[in-house]
Amino acid sequence: MIYLQAFVDAVALGTLFALVAMGIGLVFGVIRLVNFAHGELLTAGAYALLFTKGMPIVVRIVVSLAVVVALSAVMEVIYRPLRTVSPATVLIATFAISFLLQNAALLAFGTQGENVEFLTELNKAFVVGGLRIRWITVVGLAVGGLTLAATAWVLRRTDVGLQMRAAAADVQMARLLGVPVRRVVVMAFLVAGLLAGVVTLVLAVQRPLITPTFGFQVMIPALVGVVVGGLDRLVPAALGGFAVGFATVMLSSLLPGAQRVFLNTVLFVLVITILLVKPDGLFVGRRRAVERV
Amino acid sequence: MRKRPKLFLLIGVFALVVAACGGAETAETTTTTAPATTTTTKATTTTAGEEPAAPEEAEPILIGATIDLTSFMSPFDAPAALAAQLLIEDINAAGGVAGRPLAFEAIDTQVDAEQYKAGAIELIQKGASVIWVTCDVDFPTPAIQEGLNAGLLTVAPCIGTDQMGPKRFGDAGRLAFSFGNMAQDEGAAMAEFAIDQGWMRAAVARDNLLVYFQNVADAFAKRFEELGGEVVLQENWTNGDGTIGNVATSLANADVDVVAFSTAFDDLPGLVTGVRSLGSEVPMICSWACDGAFWVPEGLNEFYYVTYASVFGDDPSDEINDLISRMEAAGSKPTTGGFVGGADAVKAIAAAIDATGGTDGASLADFLENMTDFPGVAGPISLSAENHTVFGRPYRVIKITDGKHAVVDVRSATSPADIG
């Protein structure tokens, strides 16, 4: 029963990381940019929820989503001149933006944080066969599934999605064929922002203390998950995020109490082993995919 | 296409390095590069009926502080520094110490190791007689070492472990002291309170992030069992490792009378909300780490914590309430009782200088090592040759009912728990 309960908690954390991983994977798929500042999108959304505390839930959700999507659009503008420089430069630039935003929040709002009090009822649990399952776990799973399906639908069934896939395959060729690449990139950031906004809503229920590092803390393990799963494609990236979250909780329940200080050690030994054995990603098939998103 | 493996490798290594650094807080320390700022207090306020202020011409005794006033340690360092400055105003208004006024100069290090070292050197060159550091033993170690190497008394207002002294710094550490609550003492007080409530079966959750958190949990378990209680479950996790939901589920399922722990940051509300949302109304008890209203979820009940002082207007000490009012008037109302350590540090330093007639580090340390039941602002405090962090402080036990904080007991631990 203990391991079944751990399984439920593992699914909850895995779902959360999977949602974050999707946003990172989408932007990478289109313009080969790992946005380290993706976590700060979540932080911005969380502060928006905090500052609208006391307002109707719908207003809080709309404001939060709008703030996250707007910030994502601003990031696209900032990163635009960097598209032609080396990957290492871009990586450091996104990291710099991340710390700039973190420190700006730190100076503006302090470090202590505040309880956001958002949809707290979703933390309550129902019992199934002796297992306690929080509603937010169910909501997270549903939101994760729907979001993944919706994103896949946009990519597969709409003109914008087709253009994204074309740009992801070969930007120069897409541009020559008349694909409005700049608009496609903007769209990718907007969709990634929307995904980040949705994650913020789920995360704020589970982790209600809003601090300047609110998003950064989940961004790093999710990014590890993206690399483990397969940075090239959306579904492997999401599965990688899920795997890292799931493994974290399951390992925690398997390790004896006094040995749990070694949780991250064990986890990252696994991660490194996977990267050595399958450097393209755990969930990428033997045949390398042509399309990246 | 050929560049892809290199790119993956670069991203992977970068992510792993950041993750291995242990999270955002460590990262912040390495990237904060804003220039240090300084603030100086040489208060000489005199009011009617008081003794004359220390002579203007007398050279001030400088307490040089390398602390964080703007980064993530500022919630601990800044209130303690403000309380210290207010106490210095009082002392100077009453004539100073040994005929000299006290002065307090702070350098904002933003928790940057280089700033700590440079700040301490600068303050020592300015003639600081005492070095004052951030409420953590690891971050300001370069400043502590500079202070100790210069033979100066080196104090921290609220480090909660027993590491600020010979245990960490060897013989030179004889000059190092903390006016925070020793974790072994806080944990013991928590256990003694729990036993007095008739809670005989406990679950203990041990956060491995900080030595302070670990020591409080271990001290609680040790004293609880010494007094006949039974620890039926011990959970371990590391703050921020993502397993807090799992820990909360385990605690909520435990058949116990009380859940004891010490944690803070993001996992604190996660743990408490997690346990309560699963339907468990078991009493929970925590250390100073849980002080403050900022993290408390709406409608929280049956939650207790021990702390230095109540900042909710019901502290039994008029001196504390007056100090809080003055801090509020100065534009910075404290959010936790941790400021008490700053005030007590200044009181003790002044008493030590008065008693020894000078600022020699070794002489001041002799005084502090023999300080028993010294009248701190929240009650008597003690230090010893063995324990360079305060013990014996009368803790305010605060109960949260429906989200509201109220003092329900004031108690000292009979002794710090011996956890080895």
(message) Using side-chain contact (heavy atoms from CB on, under 4.5 Å), reason through A:Ser252 and B:Asp241 one step at a time and then give a plain yes or no.
(response) CA-CA 9 Å; A:Ser252 166; B:Asp241 69 6; 5.6 Å; no

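- Using a 4.5 Å cut-off between heavy atoms, B:Val247 does not touch chain A at all.
- Looking at A:Thr120, there are no atoms closer than 4.5 Å to chain B (heavy atoms on both sides), in backbone or side chain.
- Minimum interatomic distance between A:Thr111 and B:Pro75 (heavy atoms only, all atoms of both residues): OG1-CG, 2.9 Å.
- Of the atoms belonging to A:Asp9, it is side-chain heavy atoms, and not backbone ones, that fall under 4.5 Å from chain B.
- Among all heavy-atom pairs drawn from A:Arg134 and B:Ala248, the shortest one is NH2-CB, 3.9 Å.
- For the options B:Asp267, B:Asn246, B:Thr249, B:Thr70, heavy-atom pairs under 4.5 Å to chain A are most numerous at B:Asn246.
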(message) Using side chain to side chain donor-acceptor pair (under 3.5 Å), reason through A:Asn123 and B:Thr273 one step at a time and then give a plain yes or no.
(response) CA-CA 8 Å; A:Asn123 268 318; B:Thr273 304; 5.4 Å; no

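- Minimum heavy-atom separation, B:Thr243 to A:Val249: CG2-CA, 4.3 Å.
- Considering CG of B:Leu278 and CZ of A:Phe126, their distance stands at 11.5 Å, rounded to 0.5 Å.
- Of the listed residues (B:Val296, B:Thr336, B:Thr238), the one with the most heavy-atom contacts under 4.5 Å to chain A is B:Val296.
- Residue contact with chain A, scored on non-hydrogen atoms closer than 4.5 Å, involves the backbone and the side chain of B:Glu298 alike.
- Heavy-atom distances place no part of B:Ala264 under 4.5 Å from chain A, backbone and side chain included.
- Between A:Asn115 and B:Trp295 the shortest side-chain heavy-atom distance does not fall below 4.5 Å.
- For A:Ala6, the parts sitting under 4.5 Å from any heavy atom of chain B are the backbone and the side chain alike.
- Proximity to chain A is absent for every atom of B:Ser250, based on heavy atoms less than 4.5 angstrom apart.
- Between the side chains of B:Asn253 and A:Arg132, a donor-acceptor pair is found at a separation under 3.5 Å.
- Side chains of B:Pro269 and A:Arg207 form no contact here, defined as non-hydrogen atoms less than 4.5 Å apart.
- Pairs of residues two or more places apart, or lying in two chains, never qualify as salt bridge (charged side-chain N to carboxylate O under 4.0 Å, His left out) while including a residue from residues 210-219 of chain A.
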(message) One pair to check against side-chain contact (heavy atoms from CB on, under 4.5 Å): A:Val261 and B:Asn236. What are the steps and the verdict?
(response) CA-CA 8 Å; A:Val261 287; B:Asn236 277 270; 5.7 Å; no

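- Of the listed residues A:Met219, A:Gln259, A:Gln5, the one with more heavy-atom pairs under 4.5 angstrom with chain B than any other is A:Gln5.
- Taken to the nearest 0.5 Å, the OG1 atom of A:Thr213 stands 10.0 Å off from the CZ atom of B:Phe72.
- For B:Phe294, the CZ atom counts as densely surrounded, since its 6.0 Å shell holds more than 12 non-hydrogen atoms of other residues, nucleotides or ligands.
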(request) Any chance you could lay out the side-chain contact (heavy atoms from CB on, under 4.5 Å) test for A:Gln112 and B:Thr335, step after step, and finish with the verdict? (result) CA-CA 9 Å; A:Gln112 213 159 31; B:Thr335 54; 3.1 Å; yes

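- If you take CG on A:Leu122 and OG on B:Ser277, they are separated by 10.5 Å, rounding to the nearest 0.5 Å.
- Heavy atoms only, all atoms of each residue included: B:Ser71 and A:Leu106 are closest at CA-CD2, 3.5 Å.
- At a 4.5 Å heavy-atom cutoff, the contact between A:Glu117 and chain B is made by side-chain atoms alone.
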(request) Kindly indicate, with the supporting measurements, whether the criterion side-chain contact (heavy atoms from CB on, under 4.5 Å) is fulfilled by A:Arg260 and B:Glu235. (result) CA-CA 9 Å; A:Arg260 283 187 198 153; B:Glu235 275 293 333; 2.6 Å; yes

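- Annotation: salt bridge (Lys or Arg N to Asp or Glu O under 4.0 Å) contacts of A:Lys124 (sequence neighbours excluded): A:Glu121.
- Looking at A:Gln206, its side chain never comes within 3.5 Å of a backbone N or O of B:Gly270 through a donor-acceptor pair.
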